[in-house]
Number of protein chains: 2
Amino acid sequence: MSEVQLKDALDALKTNGVRITPQRHAILEYLISSHLHPTADEIYKSLESDFPSMSVATVYNNLRVFRNVGLIKELTYGDASSRFDFVTHDHYHIICDECGTIVDFHHPGLEEVERLASYMTGFQVNSHRLEVYGTCPACSNVNVQ
Amino acid sequence: MSEVQLKDALDALKTNGVRITPQRHAILEYLISSHLHPTADEIYKSLESDFPSMSVATVYNNLRVFRNVGLIKELTYGDASSRFDFVTHDHYHIICDECGTIVDFHHPGLEEVERLASYMTGFQVNSHRLEVYGTCPACSNVNVQ
DNA sequence: TAAACTAATTATAATGATTACAATGAAGTA
DNA sequence: TACTTCATTGTAATCATTATAATTAGTTTA
């Protein structure tokens, strides 16, 4: 786990006047160390042994706080649970249609697309979302057999 | 409304062995004529006067059928309702952060990004999803005043 | 340090979109 | 016409997420 990332995140919280509680510390630590894009429930279950009395509402509340501060991004997929991604450098996601695995890949931002969309629609553009879908190597191998 | 699109859609259903019921006809017609990316509930409410006894489950069931046949795309946004988009030529969406309006814009497909993602991750790529977010002209004007 | 104030946590109930289920109805086929 | 299959209906169930109210813990100030 990157201690630097954790320290920066805690500083960001302080700057925003957000108290640092043991639960928040643990959730942040988990988000930084696990690169698995966990759901709220996965975080809750993972921290259950360390915080037996923690409520699932606490996880949701704090994920919202972290998102508002800009520390994490929420990845939403219809009726399935949201997944949460600690914000580092710019990257996009590729998602396996079979097993749901999410893998990061680096690619320059699509500023040109943003510019064009803005020009064609008259919107002021803030951001964009890009995801690629396909079959991961593991699932491809299974299918072959 | 494009009669050609409706005819093609009905043909596609027949080819796939899907019966064409009055409800399905009406839902399809609504999806083609309205370019508002409606939710299941909006479709349900709009057809209520013509089909007083139609169940909301029928709308959901048939949207799933249409999606499986490839006639429509489901646009998902976390815990909010899914929106449904009749598939025509390639286009992406730009969405207003303030009011949620969805506007189509045309842009060449991002095959290069798909290729790069595939190369970097070893995935077989099937598709991608791109959305741009910003503020629509109407909301921009409101903010100025 | 102790009191006072504010924010966070907890447990639980409520919400709301979507799906599952069983019964009824309609379409296609022999 | 009878049979089989699929679609629709109404309702109950599911499940992620949020709201609420009470309790607890941090922070600030005297």
Side-chain angles (χ1 to χ4, degrees), chain A residues 9-30 37-69 71-84 100, chain B residues 9-10 12-30 37-69 71-85 100:
Chain A
L10 294 174
D11 286 348
L13 289 182
K14 257 185 216 154
T15 305
N16 283 271
V18 176
R19 289 183 185 166
I20 292 151
T21 64
Q23 292 91 335
R24 286 185 175 155
H25 198 284
I27 295 172
L28 263 186
E29 214 172 304
Y30 184 80
H37 313 87
T39 63
D41 201 60
E42 283 167 5
I43 297 172
Y44 173 65
K45 290 218 164 59
S46 300
L47 301 180
E48 212 166 25
S49 52
D50 292 335
F51 296 85
S53 73
M54 185 169 66
S55 165
V56 70
T58 299
V59 177
Y60 278 102
N61 288 340
N62 289 330
L63 288 172
R64 189 171 352 146
V65 169
F66 297 161
R67 189 193 54 196
N68 291 343
V69 172
L71 288 177
I72 63 175
K73 276 202 175 176
E74 182 173 0
L75 314 173
T76 63
Y77 304 102
D79 52 341
S81 302
S82 288
R83 297 189 162 274
F84 295 89
Chain B
L10 293 173
L13 290 182
K14 257 184 217 157
T15 305
N16 282 271
V18 176
R19 288 183 187 165
I20 292 152
T21 64
Q23 292 91 334
R24 285 184 176 157
H25 197 283
I27 296 172
L28 262 185
E29 213 171 305
Y30 185 80
H37 314 86
T39 64
D41 202 59
E42 284 166 5
I43 297 172
Y44 173 65
K45 290 218 164 58
S46 300
L47 301 180
E48 213 166 24
S49 53
D50 291 335
F51 297 84
S53 74
M54 185 168 66
S55 166
V56 71
T58 299
V59 176
Y60 277 103
N61 289 340
N62 289 330
L63 288 173
R64 188 169 356 142
V65 169
F66 298 160
R67 189 193 55 197
N68 291 343
V69 172
L71 288 177
I72 63 175
K73 277 204 176 176
E74 183 174 359
L75 314 173
T76 63
Y77 305 102
D79 52 340
S81 302
S82 288
R83 298 190 161 273
F84 295 89
D85 189 27

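Order of the sequence lines fixes the chain letters, A, B, ..., with proteins taken first and strands second; residue numbering starts at 1 for each chain.
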Looking only at heavy atoms, the pair that brings Ala40(B) and Val59(B) closest together is O-CG1, 3.6 Å
Shortest non-hydrogen pair, Thr76(B) vs Ser82(B), comes out as CG2-OG, 3.6 Å
Please state how far atom [atom1] in [X] lies from atom [atom2] in [N], giving the value in whole angstrom units.
X: His25(A); N: dG26(D); atom1: NE2; atom2: P; value: 13 Å
X: Glu48(B); N: dT9(D); atom1: CD; atom2: P; value: 12 Å
X: Phe51(B); N: dA7(D); atom1: CZ; atom2: P; value: 16 Å
X: Leu63(A); N: dA16(D); atom1: CG; atom2: P; value: 14 Å
X: Lys14(B); N: dA27(C); atom1: NZ; atom2: P; value: 14 Å
X: Tyr44(B); N: dA17(C); atom1: OH; atom2: P; value: 13 Å
X: Arg67(B); N: dT18(C); atom1: CZ; atom2: P; value: 11 Å
X: Arg83(B); N: dT18(C); atom1: CZ; atom2: P; value: 10 Å

Taking 4.0 Å as the cut-off, does a side-chain nitrogen or oxygen of Tyr60(A) come that near to OP1 or OP2 on dT18(D)?
no
query: Does the side chain of Ser82(A) get closer than 4.0 angstrom to OP1 or OP2 of dT17(D) through an N or O atom?
result: yes
Exercise for review: Would you check if Leu63(A) and Ile43(A) make a side-chain contact, meaning some heavy-atom pair closer than 4.5 Å?
Suggested key: yes
Checking Tyr44(A), Phe51(A), Phe66(A) against Ile27(A) for side-chain contact (heavy atoms from CB on, under 4.5 Å), the one that qualifies is Phe66(A)
Worksheet entry | Carboxylate-amine/guanidinium proximity below 4.0 Å for Arg83(A) and Glu74(A) | no
Close N/O contacts between protein and nucleotides 1-9 of chain C (under 3.5 Å):
| residue | atom | partner | partner atom | Å |
| --- | --- | --- | --- | --- |
| dT6(C) | O2 | Arg19(A) | NH2 | 3.2 |
| dA7(C) | O4' | Arg19(A) | NH1 | 3.1 |
| dA7(C) | O4' | Arg19(A) | NH2 | 3.2 |
| dA8(C) | OP1 | Arg24(A) | NH1 | 2.9 |
| dA8(C) | OP1 | Arg24(A) | NH2 | 3.2 |
| dT9(C) | OP1 | Thr21(A) | OG1 | 2.6 |
| dT9(C) | OP2 | Asn62(A) | OD1 | 3.1 |
| dT9(C) | OP2 | Asn62(A) | ND2 | 3.3 |
| dT9(C) | O3' | Gln23(A) | NE2 | 3.1 |

Short side-chain donor-acceptor distance under 3.5 Å, Gln23(B) and Thr58(B)
no
Side-chain atoms of Ser81(A) come closest, of dT10(C), dG10(D), dT17(D), to dT17(D)
Between the CG atom in Asn62(B) and the OG1 atom in Thr21(B), the distance rounded to the nearest 0.5 Å is 5.5 Å
